Amino acid sequence: MNKPSSRHLLTASGLALLMAFSPAIAQQAASPGTEAAQAAANENQPLAAPESRARKEQVMPESFADLVEQVSPAVVNITTTATVATPLVRGPQLPEGSPFSDLFREFGFPGFPGDEGSPFGRGPMAEQRSNALGSGFVVSAEGLIVTNNHVIEGADEIEVEFFSGKTLPAKVIGKDDKTDIAVLKVESDKPLPFVKFGDSDKARVGDWVLALGNPLGQGFSASTGIVSARNRALSGTYDDFIQTDAAINRGNSGGPLFNMDGEVIGVNTAILSPNGGSIGIGFSMASNVVSKVVGQLEEYGETRRGWLGVKIQPVTQDIADSLGLVDASGAMVTDVPSGPAAEAGMKSGDVITSFDGGEVKDPRDLVRRVADAPVGEAVDVTVQRDGKPVELKVTLGRRELAEGTGSGKLDSAAETASDLMGMALAPLTPELAAELGVARETQGLVVQSVDPTGAAADKGLAPGDLITEAGQQPVTTLADLEARVKEARDAGRKSILIMVRRAGEPRFVALPVE
């Protein structure tokens, strides 16, 4: 039997705490930096490190106190409250794989884990309030706060405590699970001290960094270290983590990682640990990723990433040699389903070497750059094909709509959207086609939103889906679809067959017409 790995990747979020446990957070005494921070907020200026000759000339700072005092008024503690169900009667605690497990589960022992998909079984359940802790930081005088998505996920209430001890309720503006970033908003009667993002690409291995947050619910805390590594990828598609040995523990999630200029170059997110505590391997999502996500969440309430519409793999040295390429770089196209790349003439076997004027290093580099590119706009893409460079112009679609995860709130959404069969539908225009990544001459109806309790949702339809046929006849207008539905009803049929396209992949779905 293999031994379980002693290394665990943990989010640095606060521990879940029952209502009966509410740790006291020590309030911070007023300091000279507090007054300076409020003065900066009144002038809508971000907090920054104080100028000092010693800071510029020393290899190792004599003290981080000035920097901590300057930026700490923009760092916050976050407490979330959620309702969770717990069993009134707990089942027996049996070892994993015990032969008695099936026996207790078969006879429905109250509260036995795993029964009927419930984590606590059939036993009576009770609702309790639980708390979780995390950190965050203010990025605008108007009260925008950045934290980790996992800090506020599932929360009923969110409370933000400032360095001064003042607390305010917060609401969620937007969140992105792919980068684990969330943006909150608090209402304040005066401008709030805030910090700004720095350029994480300028951070070098060995640079000093400062982490601030609320570790283990102990209140405001500072730790220092260096940048241990750059461009770490953990498990996400858009990962670009800064690794640091600054102490990061549970409760530090969502807190800022500062450079010596008082700029945020990372958001503390996860640690690598065998025991749940800091061992000097922490990960902060790079600010150049976070700042773009925050901008989109603030403007749209969701992300809007570009979509190329290809499947890719790394270019190994063997592949490069077989194709006559000088370097083993770029991204090799393995499949081109219907979508933006197919419309532009890209083919399987092409190697993407340049995107929007910049060299493509590898698939990760391409994915991040496509995601950052504007949706609905044409970009220049260079591919190597048959030993020669081929220039293509690709009009990017929107990834969230292609994957069926977006809200469907399209920039050019038609005003004539109509509800039918549990969906809000609108005719496909050339502008909408560009956002969806389909050919401009494509015709059909775009699903703008789906009633989560309706039949369309039960069949898996999602915003961004394109309906091109109904009753095995093309539909281009709402009137076409309504006519097909009426024909099905008049013929006594209970459902109608529609063709749905998502990310270029077609499938038939039968929707009830009653």
Side-chain angles (χ1 to χ4, degrees), residues 11-38 40-41 46-47 68-82 129-173 175 181-195 210-223 247-258 262 264 267-269 294:
T11 56
S13 61
L15 298 172
L17 305 171
L18 293 178
M19 180 175 58
F21 178 57
S22 54
I25 306 298
Q27 292 191 358
Q28 307 297 320
S31 66
T34 304
E35 295 180 1
Q38 186 58 56
L47 304 180
V68 172
E69 185 177 80
Q70 189 74 17
V71 299
S72 57
V75 182
V76 300
N77 297 337
I78 297 175
T79 303
T80 64
T81 305
R129 303 289 283 173
S130 69
N131 294 335
L133 304 175
S135 306
F137 54 98
V138 185
V139 293
S140 78
E142 293 76 28
L144 282 181
I145 295 173
V146 175
T147 186
N148 278 142
N149 178 49
H150 73 258
V151 169
I152 55 90
E153 188 72 22
D156 300 326
E157 298 176 5
I158 304 173
E159 187 175 73
V160 173
E161 181 184 21
F162 293 85
F163 184 72
S164 63
K166 180 181 180 180
T167 60
L168 290 173
K171 64 178 182 179
V172 178
I173 297 298
K175 53 188 181 179
I181 295 298
V183 176
L184 311 178
K185 180 75 163 63
V186 296
E187 299 296 336
S188 175
D189 54 2
K190 59 182 179 181
L192 295 174
F194 66 99
V195 288
L210 168 71
L212 298 181
N214 178 24
L216 301 172
Q218 296 303 302
F220 181 85
S221 179
S223 61
I248 296 175
N249 288 284
R250 297 190 183 213
N252 276 115
S253 268
L257 187 72
F258 289 102
V264 178
V267 178
N268 301 324
T269 300
V294 169

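Nothing here was measured: the structure is a model prediction, and the numbers come from that model.
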| Are any of the side-chain heavy atoms of N148 and I181 separated by less than 4.5 Å? | yes
| remark: Interatomic distance, CG@L133 vs CG@N214, rounded to 0.5 Å, equals 5.5 Å
| request: Just jot down the salt bridge (Lys or Arg N to Asp or Glu O under 4.0 Å) partners of E153, sequence neighbours excluded, or say none. | output: K175
| request: Would you indicate whether the side-chain heavy atoms of L47 and F258 approach each other to under 4.5 Å? | output: no
| query | When rounded to the nearest 0.5 angstrom, what distance separates CD1 in I152 from OG in S253? | reply | 12.0 Å
| query | What are the two closest non-hydrogen atoms of G154 and A82, and how far apart are they? | reply | O-CB, 3.6 Å
| message | Looking at every non-hydrogen atom in both residues, tell me the closest pair between P215 and N252 and how far apart they are. | response | CB-OD1, 3.3 Å
| query | Any idea which heavy atoms bring V264 and P256 closest together, and the distance? | reply | CG2-CB, 4.0 Å
| task | Could you tell me which non-hydrogen atom of G251 sits nearest to which non-hydrogen atom of S135, and how far apart they are? | result | O-OG, 2.6 Å
| request: Indicate the atoms forming the closest heavy-atom contact of N268 with A211, along with that distance. | output: ND2-CB, 3.8 Å
| field | Any K190 side-chain heavy atom under 4.5 Å of L192 side chain | value | no
| request: Answer yes or no: is there a side-chain heavy-atom contact under 4.5 Å between L212 and F220? | output: yes
| request: Enter the distance from D156:CG to T80:OG1 here, rounded to the nearest 0.5 Å. | output: 9.0 Å
| field | Side-chain heavy-atom pair L184, V172 within 4.5 angstrom cut-off | value | yes
| Which atom pair, heavy atoms only, marks the closest approach of A41 to A141? | O-CB, 4.1 Å
| Does the side-chain contact (heavy atoms from CB on, under 4.5 Å) test come out yes or no for L210 and L257, once each step is laid out? | CA-CA 6 Å; L210 168 71; L257 187 72; over 6 Å; no
| message | I need the E187 CD to E142 CD distance, nearest 0.5 Å. | response | 10.0 Å
| request: With side-chain contact (heavy atoms from CB on, under 4.5 Å) as the test, would you mind laying out the steps for I78 and I158 before giving the verdict? | output: CA-CA 7 Å; I78 297 175; I158 304 173; 3.9 Å; yes
| query | Side chains of L168 and F162: does their closest heavy-atom pair fall under 4.5 Å? | reply | yes
| field | Separation between CD of E157 and OG1 of T79, rounded to the nearest 0.5 Å | value | 11.0 Å
| query | Who pairs with T81 by side chain to side chain donor-acceptor pair (under 3.5 Å), at least two apart in sequence or on another chain? | reply | N131
| request: Evaluate the criterion side-chain contact (heavy atoms from CB on, under 4.5 Å) for residue pair V138 and V195; output intermediate values, then yes/no. | output: CA-CA 6 Å; V138 185; V195 288; over 6 Å; no
